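A short write-up of the structure that comes next.
Source: prediction; values computed, not measured.
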Amino acid sequence: MAKKSNTEDITYAEAVAGIEEILARLRGEEIGVDELAREVTRATELIALCKRRLYDAETAVTELLDRQEEQK
């Protein structure tokens, strides 16, 4: 996955793919010591983005269901 400069500009699927790519490189010992901190920071940013997107989606669905329930 090509890295985009702004984490917020990527989709949830791109963030997950980025995390998986970093994990694969870590497991395969493809990341050198010099890259390790940068990759862990990037993975942390991507995980935070995924958590925010999931929370936002859950909140939106809950609000829609609550409104639907109120209309009954």
| query | Atom CG of L26 and atom CD1 of I31: how far apart are they, to the nearest 0.5 Å? | reply |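 With rounding to 0.5 Å, CG (L26) is 4.0 Å from CD1 (I31).
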| query | CD/E35 to OG1/T41 distance, rounded to the nearest 0.5 angstrom? | reply |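 Answer rounded to 0.5 Å: 12.5 Å.
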Non-hydrogen atoms of [X] and [Y] that approach each other most closely:
X: D9; Y: E14; value: O-OE1, 4.5 Å
X: A43; Y: I19; value: O-CG1, 4.4 Å
X: V16; Y: C50; value: CG2-SG, 3.9 Å
X: L46; Y: I10; value: CD2-CD1, 3.4 Å

| message | Tell me whether I47 shares a hydrophobic cluster with L23, the cluster being built from Ile, Leu, Val, Met, Phe, Trp, Tyr side chains joined at under 4.5 Å. | response |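 Yes.
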| message | If hydrophobic clusters are built by linking Ile, Leu, Val, Met, Phe, Trp and Tyr wherever their side-chain heavy atoms come under 4.5 Å apart, do L36 and I22 end up in the same one? | response |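 Both belong to a single hydrophobic cluster.
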| Contacts of R53 that satisfy salt bridge (Lys or Arg N to Asp or Glu O under 4.0 Å) - sequence neighbours left out |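 Here no residue qualifies.
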| message | Quick check: do L49 and R52 have side-chain heavy atoms less than 4.5 Å from each other? | response |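 Yes. Closest side-chain heavy atoms under 4.5 Å.
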| message | Per the side chain to side chain donor-acceptor pair (under 3.5 Å) rule, what does the pair list look like for residues 55-70, sequence neighbours excluded? | response |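 Those involving residues 55-70 do not exist here.
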